[in-house]
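One structure is given below, encoded as structure tokens.
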Amino acid sequence: MSNKDVASLERIAPELEPQSIPTPERDVIRFVQSDGTLTELGQSRGVDVGFAQSLYREMVLARRLDVEALALQRQGELNLWLQCAGQEAAQVGSIRALDAADMVFPSYREHAAALSRGVTASELLSPWRGASHAGWDGSARRFHLYSLVLGTQTLHATGFAAGSRLAGTDDIVLTYFGDGAASQGDVNEALNWAAAMKLPVVFFCQNNQWAISTPSSSQMGAPLHQRAAGFGMPAWHVDGNDVLAVHAVTEAAALHVRSGRGPAFIEAQTYRMAGHSSSDDPGRYRGADEVTLWGGRDPISRMAKLLGELGTAEQFFAGLRAESDDFARDIRSACLSIERPRFEELFGNVYAEPHPVMERERAEFCALTSMLDAGV
Amino acid sequence: MSNKDVASLERIAPELEPQSIPTPERDVIRFVQSDGTLTELGQSRGVDVGFAQSLYREMVLARRLDVEALALQRQGELNLWLQCAGQEAAQVGSIRALDAADMVFPSYREHAAALSRGVTASELLSPWRGASHAGWDGSARRFHLYSLVLGTQTLHATGFAAGSRLAGTDDIVLTYFGDGAASQGDVNEALNWAAAMKLPVVFFCQNNQWAISTPSSSQMGAPLHQRAAGFGMPAWHVDGNDVLAVHAVTEAAALHVRSGRGPAFIEAQTYRMAGHSSSDDPGRYRGADEVTLWGGRDPISRMAKLLGELGTAEQFFAGLRAESDDFARDIRSACLSIERPRFEELFGNVYAEPHPVMERERAEFCALTSMLDAGV
Amino acid sequence: METMTLGGALNAGLRRALEADERVVLMGEDIGRLGGVFRVTDGLQKQFGANRVIDTPLAESGIVGTAIGLALRGFRPVCEIQFDGFVYPAFDQIVSQLAKLRARSGGRLTLPIVIRIPGGGGIGAVEHHSESNEAYFAHTAGLRVVSCSNPNDAFWMIQQAIASEDPVIFFEPKRRYWDKGQVEPHADLPLHGSRMLGRGDDALLVAHGPSVALALAAAAAAHEDGYSVGVLDLRSLSPLDLPTLLDAAKRSGRVVVVHEASTFGGIGAEIAATITEHCFADLKSPVLRVGGYNIPYPPAGVENEFLPDIDRVLVAIDRSLSFQVAS
Amino acid sequence: METMTLGGALNAGLRRALEADERVVLMGEDIGRLGGVFRVTDGLQKQFGANRVIDTPLAESGIVGTAIGLALRGFRPVCEIQFDGFVYPAFDQIVSQLAKLRARSGGRLTLPIVIRIPGGGGIGAVEHHSESNEAYFAHTAGLRVVSCSNPNDAFWMIQQAIASEDPVIFFEPKRRYWDKGQVEPHADLPLHGSRMLGRGDDALLVAHGPSVALALAAAAAAHEDGYSVGVLDLRSLSPLDLPTLLDAAKRSGRVVVVHEASTFGGIGAEIAATITEHCFADLKSPVLRVGGYNIPYPPAGVENEFLPDIDRVLVAIDRSLSFQVAS
Ligand SMILES: Cc1ncc(C[n+]2csc(CCOP(=O)(O)OP(=O)(O)O)c2C)c(N)n1
Ligand SMILES: Cc1ncc(C[n+]2csc(CCOP(=O)(O)OP(=O)(O)O)c2C)c(N)n1
Ligand SMILES: [Mg+2]
Ligand SMILES: [Mg+2]
């Protein structure tokens, strides 16, 4: 008996229909359309042009970083690069909605967010040049190290938020993760934990449609914003390529979270315009049509159009181009001057307190090095 | 600034309210009330008395097993016992809704379900007497071993269901787990995996209100049936102490699942009437009131009343009492005749193919034993 | 000086740590209202409140992962894993996150987290409740791993572990929770020091946690046969206290390592390899290992056949003493 | 006889296994359409369909957990873990479920599952992509652990692993994926046999996977200095091929174990302890170990300082050869 036959044989009695069923995906919140025109909602909210320009500026610089870093990788100056092109609005819009004291736990593709938090190009490129595992001081930047083991950072964020609550401060935590990472046990444990304990965490998922070669559609059985609500937190579904909408939605979520009502979730629809990494060949698994389609939804050009429409002077754009070119030069020279660590120093970075194995091995390493250097 | 102040300062703009929000818990589906009277829904469905009697019988026998096993533990004949008293309706009602060919992946408290699948008392008590890790042949009984590492079995169930689909058969899989286990990453990975792949699994959660000393209310931020729907599967919320409702709901879920429409979820509200295990002292964490309240909702006495009301002869009850007494005697003698395995046999149970370490160590063990026996 | 059970000493040590530093928080499943399934945290939630003795959701990865977040926020979390066999769901958070975060951050971050694990068998438990998994953690750079064997060490070592700025995996010998002993007014060893018991002119037994009592019993039996057998209570499994270990090994020249974990790839292998590397010339016989057999922990009814016992230890001492190079 | 890269040999071996037995299914992240990040499964989904070469959700515990379910339903799953550092989220399913299920079932259940892990460093990767975690699995009773070092072994061992009725953890030396070599028409060793390369009259190097090529280079260099140094390619880490290993150790009397993992508690400790226990009288010097230092894997820019290299191996051979009992 095939499945079809079974289905046609019997129906669930109407009074026994399931009480809780998957609801359809909600429309995204959008202020600015792909062509740069405002939606009705966008019109009703109005645009603070100066502020919009500052968001636009950060997106443009982040895109430039991405372009330069890829070039550096192609020239052999970086071992690897993970591009964030296409996701600038999701990142800049969200991180700019936080207070400076709020802590951020990123995944590994949050370069635009990192720049916004003051992480320098040199710090950002350092791991990809093989010079460190994390180039920046996470506490000072209020921007934790990148986490490559997918989803693990969402639990760290949850614990950090628990600490803030215990300490009685009103800072909140935002954590970034991808559509693929959402399948990991850790992310779901974090959602449940934060909801059960009503902790001040904003879970920000950049659904960029792909986890390497796996499309979001085969990664999950329901839209992520719906899953989050099922764990007991409100969820927003936003056009992740609309920096103004992302900013507004993140502000709303942060407000909810800061007011002690527990965590919140944002699913931002965006697109990984490049391959997964500089080693990836996306042509193997996705079509040009899709890439073109999303190219038309680019977060940066849409803002350029809107800003032009709203009367931004060409001078502003020209100034930004110049700044961006300077930035490109800085990136390149910053990259080339990143220094490899001295290996013997690493022994001192493992433990905070003295450790005999570290001391012994450092001594052995140094002795060996001098011996070999001496040509013995 | 305290959280309260923040809350009163600003409100989220109405147009930016979250689009997906936790919905309130749905009322449970119930046919039979605690006092044995039928609900409206129960009346409209009608009762097949013979069938109801057979469910009742299994519940009574399961309860008797629980009582006898606890006594055996108290007498030192079992090392430990985990009581299922109070959860008989949830288990018998659900397992009886499956086809014989459907596979079941239990947690560790599913004694009533196990009996229904033909697991014998001797097989069931064996692990608690320290004689085995699993007393029964899971494939033959279509009832897999108990899984003590919480939630792990839900992934095994999901994989088994994937296999059935690959093989093209129309059997389905049901897996039991608790309210506490639902916090584990594995359970959530299983829910997502099964939903993403539309696999024929019924996820059956016995929410018995407690995970050892942790109440369900602090385990999660939203009712479990709602979480499941958020993963993309329909969910039922049923009075787990109403065997007829549980049966009907599981039948509906099984029908959904068998028809190829993907997984389904059932949250059965029930109660762990005893401590977590024979070593637990529930008086440390829960009040007598609650226990009394749920005592009044006992699944067995409610059915006894209903059956009496529907004209079941006293003869039926007397016969069942006699059967139950016989069963008690069988349980006791079965328990006492469970044999410890011979340790040297265990070396042969680890690998399916020859393994030199096993062979060497078995030989060493046997040599040592003979040496010591010889008093050398 | 007070007499306590090992479990009671841990309880008292945790209380002292909570009193001494308000950044210390305990977290785990059922540790609050219930006081833990072994009552090690009994009464602590009542005394310090639910914010410092936290009943968590049932998720081990969550426990360790959120503890990391708490530590980054300035707290000093002490996590309880309910039983040894339930630590594996947290393995990634322990091995890839907790152990590596300081090194990954270039030495910037400090993770003062203790993970308490009631380990070992011998209590007639059901499966997954009797494992000895110290070797996994000892092989992981970035962790410190210790194991206490008696009330005095339990009391002092738990406080030292909590005071440590580094992550510490803290094994408690669950079958010794009810053993009584005296707790001294001062700690006489640092956290990572080993303790030599007896002289060991003829042979040395190396043990930790639950196996120390067994080693002492075997040493006493050997003494009756006229042999001087010393016992080294390792206390620290990573790092090893090499000076003490190698000294003792050299003096004895014959060494038997005892632990409950399966021998293949167990901590005994590291100890044997290290002793041999450093004391080759002083060894009169190869270092032997007595441990659990290389099978998954068996049903409780036959766990005594699985676990090292005095007979197996004495046979190993015998083999070591009677070892002849020519044989 | 055909020349293949190691990655290509694995691909060919997997194809043969899929052809030979329709119960074989491959599963993992990005193994289908993409063909895996290392292209080891390239073209297989196209040939065998998406039901036999399955792109899974991004969840390692889910991959191993569902593979167990598939095996219980009669399939023979071959799981790919994308990189060594991502196996830890699946640790519970591997160590507590996969390894133990047969023993737990009293020998009733059979779990013919292979878990492929591209292991080791040396490719300039970012963190978590260069780990050598074989010791965790080798210490786990119920698993078999193997490691291939060349195209021929890769081709044959993957097929033997899939044909095995037991769970096999299969390490692939990722930095050798592009190495070329000849694939013979027949397997000349069983899955758990070790391979002796050269004679080793003076010393023996024991290695596996990515370190075999290094050991061979060191042996060649030693040869130029007039020493006969043999290389034992372990191939199987659990169980060890003791007859071959002990034979070789006895012949040489001097042994150096080389692996990329940190030495403390690594598989080298087990090998050293075992050799010493069985060959004590034949050893002219203690077994030495050359491995990764006992720190988390460093940034790629300095990984060559971390990893064993020919200098460190030669220094160890030297130490072994010049060892004097009196020194
Ligand atoms: C636990 C774990 N498994 C596998 C990987 C390998 N991996 C790196 S990125 C990636 C895809 C992640 O997709 P998503 O979460 O959507 O983030 P995106 O790359 O799209 O930003 C995978 C599979 C990993 N880093 N961690
Ligand atoms: C992974 C894991 N962590 C901890 C435990 C210890 N433990 C056994 S039962 C239990 C409570 C389980 O609660 P629930 O899932 O609601 O099932 P119930 O006991 O109520 O049937 C705990 C914490 C375990 N068995 N497995
Ligand atoms: Mg993605
Ligand atoms: Mg429960």
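Every heavy atom of this structure was used, including side-chain atoms; hydrogens, water molecules and symmetry mates were not. Lettering follows sequence order; numbering is per chain, from 1.
A 4.5 Å side-chain heavy-atom check between D:P296 and A:V350 finds at least one atom pair inside the cut-off. D:Q82 has its side chain within reach of A:I212: a pair of non-hydrogen atoms, C-beta onward, lies under 4.5 Å apart. Using a 4.5 Å heavy-atom cutoff, the side chains of A:D281 and D:R39 are in contact. The shortest side-chain heavy-atom distance between D:I295 and A:Y351 does not fall under the 4.5 Å cut-off. Between D:E127 and A:S132, the closest side-chain pair of non-hydrogen atoms is not below 4.5 Å.
Separation of atoms CD (D:E60) and OG (A:S183) is listed at 10.0 Å; rounding is to 0.5 Å. To the nearest 0.5 Å, atom CE of residue A:M371 and atom CG of residue D:D311 are 7.5 Å apart. The CG atom of D:D309 sits 7.5 Å away from atom CG of A:L368, with the distance rounded to the nearest 0.5 Å.
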side-chain hydrogen bond (donor to acceptor under 3.5 Å, both in side chains) evaluation trace for D:D30 with A:S213: CA-CA 6 Å; D:D30 308 297; A:S213 73; 2.7 Å; yes
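At a threshold of 4.0 Å, the pair D:E305-A:R340 counts as salt-bridged, since one of the basic side-chain nitrogens sits closer than that to a carboxylate oxygen. Taking a cutoff of 4.0 Å between a charged side-chain nitrogen and a carboxylate oxygen, A:R284 and D:D42 qualify as a salt bridge.
The minimum heavy-atom distance linking A:A131 with D:P299 is given by the pair C-CB, 3.8 Å. The minimum heavy-atom distance between A:L150 and D:L58, with the atom names listed, is CD1-CD2, 3.4 Å. In terms of heavy-atom proximity, D:P89 sits nearest to A:Q184 at CB-OE1, 4.3 Å.
Residue contact with chain D, scored on non-hydrogen atoms closer than 4.5 Å, involves the side chain of A:M358 exclusively. Contact of A:F365 with chain D is made through backbone and side chain together, with heavy-atom distances under 4.5 Å. At a 4.5 Å heavy-atom cutoff, the contact between A:D280 and chain D is made by side-chain atoms alone. Both the backbone and the side chain of A:P341 come within less than 4.5 Å of a heavy atom in chain D. When heavy atoms are compared at a cutoff of 4.5 Å, D:F306 approaches chain A by way of both its backbone and its side chain. Contacts of D:Y293 with chain A are made by both backbone and side-chain atoms, with heavy-atom separations under 4.5 Å. When heavy atoms are compared at a cutoff of 4.5 Å, A:A181 approaches chain D solely by way of its backbone atoms N, CA, C and O. For a residue to count as touching a neighbouring chain, one of its non-hydrogen atoms must lie under 4.5 Å from one of that chain's; by this rule D:E303 does not touch chain A. For A:V149, the parts lying near chain D are the backbone and the side chain together; criterion is any non-hydrogen pair under 4.5 Å. In this structure, chain A has no heavy atom under 4.5 Å from any part of D:S262.
Chosen from D:E29, D:R312, D:R33, the residue pairing most often with chain A at heavy-atom distances under 4.5 Å is D:R33. Chosen from A:H133, A:E364, A:M220, A:H276, the residue pairing most often with chain D at heavy-atom distances under 4.5 Å is A:H133.
Residue-environment remark: CD (A:E353) exceeds the threshold of 12 foreign heavy atoms within 6.0 Å. The local environment of CD in A:E339 is sparse, with at most 12 non-hydrogen atoms from other residues, nucleotides or ligands closer than 6.0 Å.
A side-chain contact (heavy atoms from CB on, under 4.5 Å) with D:V126 holds for exactly one of A:L82, A:N79, A:L148; it is A:L148.
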